Amino acid sequence: MKFEKINAPKGVREYLPPESSAFEWVRSQLIAPAKLAGYKLMELPVFEDTNLFSRGVGESTDVVSKEMYTFEDRGGRSITLRPEGTAGVMRAVIEQSLDRAQLPVKVWYSGQFFRAERPQAGRFRQFYQVGIEAIGLDDPAIDAEVIAIADRGFKNLGLKNYRLEITSLGDAESRAAHRVDLLAFIKTLNLDEATSQRAGINPLRLFDDKRPEMQSAMSKAPLLLDYLSDSARNNFEKVQSYLRGMRIDFVINPRMVRGLDYYTGTTFEFIHPDLGAQSGIGGGGRYDGLMEILGGQSLSGIGFGLGVDRALLAAIAEDSLPTEEFTSDLFIIPLGENAMDSALTIAQDVRSAGITVEIAFGDRALKGAMKAADKSGARFVVVLGDSELLNGSVDLKRMSDGVVTSVKIAQLQDQMRQALSL
RNA sequence: GUGGGCGUAGCUCAGCUGGUAGAGCACUCGGUUGUGGUCCGAGAUGUCGCGGGUUCGAGCCCCGUCGCUCACCCCA
């Protein structure tokens with residue numbers, strides 16, 4: 001009887017050793033700056049009431065109209081796997097009344113998100129994001145700090161080739177004025193059916209069309225940045241000057257388009273040129289009306305989502321991963337049963353100092369065990385046999401150059417600490 | 001949803017105008033007792049994605065199907 005193999009669902013990206021170490025590292029580096037800035041973890045469900053997204057993200061968006069994993073649960077409720085993070089955070093903040101405490105509410109999250117798109121390089125149906133939200137204060141300084149936190153995350157990865165693009169979508173009046181002129185302009189263009197349909201849903205979309213003829217057609221289109229109200233423009237300029245003060249490089253891209261309807265005011269994207277068509281490694285912005293739309297009080301907020309999968313691809317492209325981080329410090333090769341007994345004890349002891357220790361299990365020949373130690377990338381190796389147990393000391397071998405030091409077993413932890421300068 | 005490319009060993013791939021499968025890497029063991037990387041030797045591994053068809057004969061040709069992949073679109 002032979003059973004058929006079962007494959008992973010289409011479009012999911014799995015992280016297995018050895019790559020999973022790099023993934024884990026990237027994720028922790030991306031979120032570290034948020035923790036250092038006082039943001040607190042929010043652990044949220046991966047599925048929510050479908051209305052949360054159709055109302056919060058917007059019916060007209062591609063995400064909601066054709067990319068959601070929506071199903072009915074056993075109680076007949078419409079459930080959707082979260083396609084993004086902000087709406088869920090807002091729902092929880094409102095539901096748990098976090099906005100009744102001191103503002104801003106500063107939270108971070110990390111996890112899987114789901115969109116039923118056609119998979120492509122850097123685009124998956126289940127993807128990982130880390131993100132933060134700062135809710136309840138309308139202050140350009142927070143905008144700047146949020147952007148700085150994202151930027152720090154990418155710098156933590158050693159990335160250099162990415163660029164930060166910012167713009168402002170202004171306030172409601174700014175957008176209304178611009179929309180009138182933009183629609184009038186678009187009417188003068190000769191568009192194919194699919195394109196004019198897209199324009200009908202969101203005319204800003206046309207700025208994002210990659211076809212050269214569309215790019216040049218849109219080159220004379222009215223820009224939202226030119227329609228900003230005085231307060232919106234002042235706000236945007238303030239954000240820029242804060243960023244300059246923190247020495248964060250950015251370019252203004254007045255043609256930036258965001259796919260989620262809730263964005264207003266400051267918006268930004270991080271672009272990495274080495275990733276192919278899916279070059280956005282992170283993005284975010286301010287959302288003024290979202291909380292109210294979701295039944296909460298009228299507070300604004302700002303946040304971002306960073307793509308962990310894509311950030312990892314970028315780090316691979318730039319060869320900036322610190323591979324030493326992912327290997328063991330010490331490899332113990334016990335010879336015989338007595339030796340295994342103390343190998344287990346020694347490993348416990350050395351690990352208690354935060355040192356990574358592996359043991360060669362199984363009845364392998366010494367040569368094979370050494371090979372395994374070498375492959376694991378371990379920095380040091382000790383062989384533990386009867387004579388070592390008798391003497392109470394082992395030869396600590398540094399694998400990089402083969403140098404051997406005799407060390408008392410009782411002092412192995414100290415020696416390792418010194419060797420690794422912990 | 002629309003297009004292009006590709007499915008042969010665990011991985012990367014060869015396989016000529018159709019004649020019943022190969023390399024490199026990786027893996028395991030060994031090259032005199034307990035020390036890795038190099039070198040040498042040996043070994044294991046395939047329904048050639050799947051299903052039909054053409055043919056004396058199909059990895060190769062035809063049709064279908066599934067999967068992967070890249071791009072459009074969209075976005076992280």
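Excluded from the calculations below are hydrogen atoms, water molecules and symmetry mates; all remaining heavy atoms, backbone and side chain alike, are included. A quick note: this is a predicted structure, and the numbers were derived from the prediction, not measured. Each chain gets a letter, A, B and so on, in the order the sequences are listed, and its residues count up from 1.
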Requested in this report: Would you kindly give the NZ-to-P distance between A/Lys371 and B/rU38, to the nearest whole Å?
Outcome: 8 Å
Report summary line: Regarding the side chain of A/Lys10, the nearest nucleotide among B/rC68, B/rG37, B/rG34 is B/rC68
Report task. Could you check how far CG of A/Leu335 sits from P of B/rU35, rounded to whole Å? Result -> 10 Å
Query raised in the report: Is any side-chain N or O of A/Gln120 closer than 4.0 Å to OP1 or OP2 of B/rA71?
Result: yes
**Report entry** Shortest side-chain distance from A/Met370, nucleotide among B/rG36, B/rC70, B/rC73
**Finding:** B/rG36
Query raised in the report: Counting any heavy atom closer than 4.0 Å, what does A/Gly368 reach on the DNA or RNA strands: base, sugar-phosphate only, or nothing?
Result: nothing
List, with names and distances, any nitrogen or oxygen atoms from the protein found under 3.5 Å away from nitrogen or oxygen atoms belonging to nucleotides 1-12 of chain B.
unit_1 : atom_1 : unit_2   : atom_2 : d
B/rU2  : O4     : A/Arg118 : NH1    : 2.4

Report summary line: Pairs under 3.5 Å (Watson-Crick or G-U), crossing ones as [ ], inter-strand ones as |: RNA chain B comes out as (((((((..((((.....[..)))).(((((.......))))).....(((((..]....))))))))))))....
Report task. Compare side-chain N and O positions of A/Arg258 against OP1 and OP2 of B/rC74 and report whether any pair is under 4.0 Å apart. Result -> no
Report task. Figure out the CG/C1' separation between A/Leu275 and B/rC75, and round it to whole Å. Result -> 13 Å
Report task. Round to a whole Å and report the spacing from CG of A/Leu366 to P of B/rU32. Result -> 14 Å
**Report entry** Any A/Lys367 side-chain nitrogen or oxygen under 4.0 Å from OP1 or OP2 of B/rC29
**Finding:** no
**Report entry** Any A/Arg398 side-chain nitrogen or oxygen under 4.0 Å from OP1 or OP2 of B/rG37
**Finding:** no
Query - Near-parallel close stack of A/Phe127 and B/rA76 base (under 5.5 Å, under 30°) - result: yes
**Report entry** Spacing of A/Gln215 atom CD relative to B/rC72 atom P, expressed in whole Å
**Finding:** 12 Å
